[in-house]
Amino acid sequence: MFRIISTSRLADLDAHASALPLVRTKCDSLEKNLETEQRRRESLVRDLERAREQHDQQLAETTRSYEERLAAADQSARLNDRLVEQAGQRIYKVERMAGEKVRELRDEIEQLKAKLAASPGAAQDGTVVFRYKNLVLADVDLTLHVKDLGRGYPQTELNLVLLCTGCGYTQTKTDRTTDTPEARARFLTGDYEPGTILKRWAQEHAEQCRAAALPLQRTA
């Protein structure tokens with residue numbers, strides 16, 4: 001049984017049939033565009049994954065580097081604390097040794113002072129440091145006189161005076177030196193110092209002098 005198609009319907013079908021190649025072409029173009037976009041999307045996804053991996057790697061490296069720096073800083077701080085502690089211990093030890101050394105030096109100084117107090121070098125100004133007797137028991141004295149030279153002179157004048165209270169014989173030896181107990185002792189007892197020379201003269205005079213001491217002549 002045949003179906004009768006109207007002319008208007010036939011015209012529509014003919015129009016649709018003529019438009020079908022255009023639709024197919026457009027559909028093919030859309031499919032190509034879709035494939036291109038899919039490939040671009042896949043490329044973007046891959047780029048995104050690579051970028052994410054690089055970011056994660058950089059973040060891990062940064063975190064590791066930060067942790068390493070933090071660990072190094074902590075280790076450096078502990079090392080500094082240990083060095084400070086060791087320095088404090090050394091300072092304490094040095095101070096203790098210095099204190100002990102100072103006490104030892106003070107003891108030595110006191111011992112030296114005690115020795116010097118018993119030596120001729122401890123004699124003060126106007127002190128008779130040596131005394132001899134002549135043949136009639138008159139004194140032959142060696143008296144130390146200390147003269148301050150005043151400001152501007154770093155040295156002191158030491159005078160050793162030999163005086164026989166019997167006959168009045170006198171001799172003087174002088175030296176300028178820094179006034180210390182050691183310098184006085186050296187001045188009085190050194191091998192070639194004035195004190196040694198005058199002591200020899202005093203002994204020689206005492207062995208020969210027969211003059212008796214008069215009250216007005218005795219000065220020491």
Student: Hey, are the side chains of L160 and V129 touching, using non-hydrogen atoms and a 4.5 Å cut-off?
Tutor: yes
Student: Please give me the minimum heavy-atom distance between A212 and A138, naming the atom from each residue.
Tutor: C-CB, 4.3 Å
Student: Same hydrophobic cluster for Y132 and W201, using side-chain heavy-atom links shorter than 4.5 Å among ILVMFWY?
Tutor: yes
Student: Looking at S76 and A72, would you say the former's side chain and the latter's main chain have a donor-acceptor pair under 3.5 Å?
Tutor: no
Student: Surrounding CD of E61 (heavy atoms of other residues, nucleotides or ligands, distance under 6.0 Å), is the total greater than 12?
Tutor: yes
Student: State, to 0.1 Å, how close K173 and L198 come at their nearest heavy-atom pair, and which atoms those are.
Tutor: CG-CG, 3.5 Å
Student: So how far is it from F130 CZ to L144 CG, rounded to the nearest 0.5 Å?
Tutor: 10.0 Å
Student: Do T156 and R176 have side-chain heavy atoms sitting under 4.5 Å apart?
Tutor: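 No, too far: nothing below the 4.5 Å cut-off.
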Student: Taking side chain as C-beta onward, heavy atoms only, is R200 less than 4.5 Å from I197?
Tutor: yes
Student: Determine, step by step, whether E100 and R96 satisfy the side-chain contact (heavy atoms from CB on, under 4.5 Å) criterion, reporting the C-alpha distance in whole Å, the side-chain angles of both residues, the deciding distance to 0.1 Å, and the verdict.
Tutor: CA-CA 6 Å; E100 294 176 354; R96 186 179 61 186; 3.9 Å; yes
Student: Using side-chain heavy atoms (C-beta onward) and a distance below 4.5 Å, is L34 in contact with Q38?
Tutor: yes
Student: Please assess R52 against L48 for the test side-chain contact (heavy atoms from CB on, under 4.5 Å), listing each intermediate value before the final yes or no.
Tutor: CA-CA 6 Å; R52 183 176 297 172; L48 179 61; 4.0 Å; yes
Student: Starting at CG of D141, measure out to OG1 of T127 and round the result to the nearest 0.5 Å.
Tutor: 11.5 Å
Student: More than 12 heavy atoms of other residues, nucleotides or ligands under 6.0 Å from CZ of R50: is that the case?
Tutor: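 More than 12 heavy atoms, drawn from other residues, nucleotides or ligands, come within 6.0 Å of this atom.
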Student: Rounded at 0.5 Å granularity, tell me how far CG in D56 sits from CD in E53.
Tutor: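 That separation rounds to 8.0 Å.
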Student: Under a 3.5 Å distance rule, please check whether N134 uses its side chain to pair with a backbone N or O of A211 as donor and acceptor.
Tutor: yes
Student: Enter the distance from T174:OG1 to K147:NZ here, rounded to the nearest 0.5 Å.
Tutor: 9.5 Å
Student: Do T63 and L59 have side chains that get closer than 4.5 Å, going by heavy atoms?
Tutor: yes
Student: Which heavy atom of E157 sits nearest to which heavy atom of N159, and what is that distance?
Tutor: OE2-ND2, 3.2 Å
Student: Tell me every residue that passes salt bridge (Lys or Arg N to Asp or Glu O under 4.0 Å) with E207, counting only those two or more places apart in sequence or in another chain.
Tutor: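 Residues passing salt bridge (Lys or Arg N to Asp or Glu O under 4.0 Å) with E207: none at all.
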Student: Are any non-hydrogen side-chain atoms of D81 and E85 less than 4.5 angstrom apart?
Tutor: no
Student: Evaluate the side-chain proximity of T143 to L163: yes if any heavy-atom separation is below 4.5 Å, no if none is.
Tutor: no
Student: Return the CD to NZ distance between Q86 and K93, rounded to the nearest 0.5 Å.
Tutor: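 Those atoms lie 10.5 Å apart.
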Student: Could you work out, with salt bridge (Lys or Arg N to Asp or Glu O under 4.0 Å) as the rule, every residue matching R40, not counting sequence neighbours?
Tutor: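 R40 satisfies salt bridge (Lys or Arg N to Asp or Glu O under 4.0 Å) with E37 only.
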Student: Could you see if V161 belongs to whatever hydrophobic cluster contains L142? Use Ile, Leu, Val, Met, Phe, Trp, Tyr and a side-chain cutoff under 4.5 Å.
Tutor: no
Student: Can you check whether L162's main-chain N or O pairs, donor with acceptor, with T170's side chain at less than 3.5 Å?
Tutor: yes
Student: Sequence neighbours left out, what passes side-chain contact (heavy atoms from CB on, under 4.5 Å) with S43? Give chain and number order.
Tutor: R46, D47
Student: How far does CD of Q208 sit from SG of C167, to the nearest 0.5 angstrom?
Tutor: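 Going from the CD atom of Q208 to the SG atom of C167 covers 10.5 Å.
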